[in-house]
Amino acid sequence: MSVVRYSLIDCPKPGRRHQLAISTDAHGRYALSFTSGGLLVREADQVASVYLRERDWGRVRQVAIEGNLLQARTTSSTVRVTRETIQRLSVLDDAELELLADSSLTERCHLMWVATCVPPEILHYDRV
């Protein structure tokens, strides 16, 4: 797993200065993994159910990869999709993961949209 670091980019507007946090990997490349895999709704449903049983993301990763839980054709695809799915789901708390497991397809899509748009390393928000 690569180490994530951040770069701050100044985005000046007339009269004020803004900073935008951009996530990059250990090699200074932008982390654009959210652009592939769609929302990963089907994968999230399967991975979330394992997490709710295990309550340990490391163990979930092991189960998903060793058992080819996501039914990928190659090991590298299994590792990549598992990593991205876990990364997205890890921004949700246990109550949200339980909702994901017990919700309709539309609600799962909404939750995965939130998980995709809120990377844990950049944004911190209070749950209401």
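- Across every non-hydrogen atom of Ala64 and Thr78, the tightest pair is O-CG2, 4.0 Å.
- In this structure, the separation between CG on Asp56 and CZ on Arg61 is 10.0 Å, given to the nearest 0.5 Å.
- Here Arg59 does not pair with Glu66 in a salt bridge; the nearest charged N to carboxylate O distance is not below 4.0 Å.
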Item to check | Residues Thr85, Arg88; criterion side chain to side chain donor-acceptor pair (under 3.5 Å); working and verdict | outcome: CA-CA 5 Å; Thr85 305; Arg88 291 182 191 185; over 6 Å; no
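- In this structure, Thr75 OG1 and Ile65 CD1 are separated by 9.0 Å, a value rounded to the nearest 0.5 Å.
- Contact of the Leu89 side chain with the Leu92 side chain is registered, since non-hydrogen atoms from C-beta on lie closer than 4.5 Å.
- Sorted by first and then second residue, the ring-ring contact (aromatic ring centres under 6.0 Å, His included) pairs involving residues 46-66 (not counting sequence neighbours) are Tyr51-Trp57.
- Distance check: Met112 CE to Leu105 CG gives 12.0 Å after rounding to the nearest 0.5 Å.
- Asn68 CG to Ser77 OG: the interatomic distance, rounded to the nearest 0.5 Å, is 9.5 Å.
- The side chain to side chain contact (heavy atoms under 4.5 Å, CB included) with Leu69 is formed by just one residue from the set Val50, Thr82, Val81; it is Val50.
- Under the 3.5 Å distance criterion, the side-chain polar atoms of Glu96 are matched with a main-chain donor or acceptor of Asp93.
- Counting all heavy atoms, side chain and backbone alike, Glu107 lies closest to Ser104 at OE1-N, 3.0 Å.
- Under the 4.5 Å side-chain heavy-atom criterion for ILVMFWY residues, a single connected hydrophobic cluster contains both Trp113 and Leu99.
- Interatomic distance, Leu40 CG to Asp45 CG, rounded to the nearest 0.5 Å: 12.0 Å.
- Within the 4.5 Å cutoff, no side-chain heavy atoms of Arg83 are placed close to those of Ile86.
- Shortest non-hydrogen contact noted between Val91 and Ala115 is CG2-CA, 3.6 Å.
- Here the CD atom belonging to Glu98 is positioned 12.5 Å from the OG atom belonging to Ser49, to the nearest 0.5 angstrom.
- Minimum heavy-atom separation, Leu70 to Arg42: O-NH2, 3.3 Å.
- At a threshold of 4.5 Å between non-hydrogen side-chain atoms, the residues Leu39 and Arg108 do not count as touching.
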